[in-house]
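What follows is a set of notes on a single structure, which appears directly below.
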Amino acid sequence: MMLSDTFQPLYSLSGLGVGFLVGVTGVGGGSLMTPLLILLFGIHPQTAVGTDLLYAAITKAVGTGVHGFSGGVDWKVVRRLSSGSIPASAIALVILHVLGAPSSVTTQLITRSLGVALLLTAPCILFRARILQRLGAFSEALTDRQTHILTVLVGAVLGLLVSLSSVGAGAIGVTALLVLYPRLSTAQIVAADIAHAVPLTLVAGLGHWLLGSVNPAMLVSLLMGSIPGIVLGSLFVGYIRESIQRAVLATILTIVGARLI
């Protein structure tokens, strides 16, 4: 396939913008890119989700290299999440295969899943501190066995959400882990969430590829913009007040999520 056949400037420009925002805010690209592809470019929801999952797997790997695992990765947490998310992702992909694609039922399922995921992401961004404060006593009372079980369940929920919407492995996952593991630093939580998100989005993305819901040309164009966008955005971390970032992102995600539902 020639470069001229794969390079699509508008997609690359979108990738640059989303990559920049991911680099600045740390918000998962799926919550921004997938709605953009569906609402602005009119891409079929399943193609948008499938393409974005592989896009996310690659950009998260690059983002990991840029930001680094400053706090180290707690692989025990990653294993617990994966033991729930990978089987759940497989189940979601089987459901999509059975329903058929593209179909009106699949379109409705993915669109509504995306809307729900965005509406869950928004409060996790805007009210994370309050959520953690309210659930502080609950977090401290958990035994290791209870934490293990709840982590697997969180992984299962993330596996379903990510496979159906490409959203969930960022703000939702980090917030849940902060509740379940109050003794870990934020850096360790973020590192574990990213380490878990890379294989999850890769598995889900490859599953969508097998279902025929990935657009390779669009994927290449998005990556050509997003990778330099993430690197550029990471250089601007700290220049925009975090409270303003959270408020703007939460508002956008709430509006888009409500529209999709």
Side-chain angles (χ1 to χ4, degrees), residues 8 10-11 14 18 27-58 60 81-124 152-173 176 196-197 199-219 221-222 252-261:
Q8 300 173 26
L10 285 179
Y11 292 147
S14 299
V18 171
V27 174
S31 60
L32 300 170
M33 181 58 76
T34 304
L36 183 67
L37 292 175
I38 295 173
L39 298 176
L40 183 61
F41 292 108
I43 302 299
H44 188 278
Q46 188 165 348
T47 301
V49 168
T51 303
D52 184 69
L53 283 168
L54 287 181
Y55 160 85
I58 297 171
K60 280 181 180 293
L81 284 171
S82 299
S83 65
S85 66
I86 301 303
S89 175
I91 292 172
L93 292 168
V94 169
I95 291 173
L96 291 176
H97 174 68
V98 171
L99 292 176
S103 69
S104 59
V105 176
T106 302
T107 299
Q108 187 176 54
L109 174 62
I110 290 178
T111 302
R112 291 192 174 181
S113 297
L114 178 58
V116 169
L118 293 177
L119 291 178
L120 289 174
T121 299
C124 288
V152 174
L153 290 176
V154 167
V157 172
L158 293 178
L160 286 172
L161 278 179
V162 169
S163 299
L164 294 176
S165 70
S166 78
V167 178
I172 298 175
H196 165 251
L200 172 58
T201 52
L202 181 60
V203 168
L206 290 175
H208 276 270
W209 185 297
L210 292 176
L211 293 176
S213 52
V214 172
N215 184 323
M218 183 167 63
L219 174 63
S221 296
L222 291 174
I252 293 173
L253 295 180
T254 300
I255 293 172
V256 174
R259 179 176 177 181
L260 288 169
I261 289 180

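- The shortest side-chain heavy-atom distance between Val167 and Leu161 does not fall under the 4.5 Å cut-off.
- Of the candidates Ser85, Ser83, Ser82, Ser83 is the only one forming a side-chain contact (heavy atoms from CB on, under 4.5 Å) with Val152.
- To the nearest 0.5 Å, atom OG of residue Ser14 and atom CG of residue Leu37 are 7.0 Å apart.
- In this structure, His44 NE2 and Asn215 CG are separated by 13.0 Å, a value rounded to the nearest 0.5 Å.
- Considering CD1 of Ile172 and CG of Leu120, their distance stands at 5.0 Å, rounded to 0.5 Å.
- No side-chain heavy atom of Gln108 sits under 4.5 Å from any side-chain heavy atom of Thr111.
- Residues Ile38 and Leu114 are in side-chain contact: their nearest non-hydrogen atoms beyond the backbone lie under 4.5 Å apart.
- The two atoms that bring Leu200 and Ser89 nearest to each other are CD1-CB, 4.0 Å, heavy atoms only.
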Legend entry - side chain to side chain contact (heavy atoms under 4.5 Å, CB included) assessment of Leu53 paired with Val162: CA-CA 8 Å; Leu53 283 168; Val162 169; 3.5 Å; yes
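- Note that OH of Tyr55 is 12.0 Å distant from OG1 of Thr201, once rounded to the nearest 0.5 Å.
- A pairwise comparison of heavy atoms in Gly207 and Leu93 identifies CA-CD1, 3.7 Å as the closest pair.
- A distance-only check finds a donor-acceptor pair linking the side chain of Thr51 to the backbone of Thr47 [under 3.5 Å].
- Minimum interatomic distance between Ser166 and Val49 (heavy atoms only, all atoms of both residues): N-CG1, 3.9 Å.
- Shortest non-hydrogen contact noted between Ala88 and Leu160 is O-CD2, 3.6 Å.
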Inset, instruction - Test Leu54 against Leu202 for side chain to side chain contact (heavy atoms under 4.5 Å, CB included), laying out the working first. - result: CA-CA 6 Å; Leu54 287 181; Leu202 181 60; 4.2 Å; yes
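- Remark: side-chain polar atoms of His208 are paired, donor with acceptor, to backbone N or O of Ser163 under 3.5 angstrom.
- Atoms CD1 and CG, on Ile110 and Leu96 in that order, are 5.0 Å from each other to the nearest 0.5 Å.
- Here the straight-line distance linking atom CD1 of Ile91 with atom CD1 of Ile86 works out to 12.0 Å at 0.5 Å rounding.
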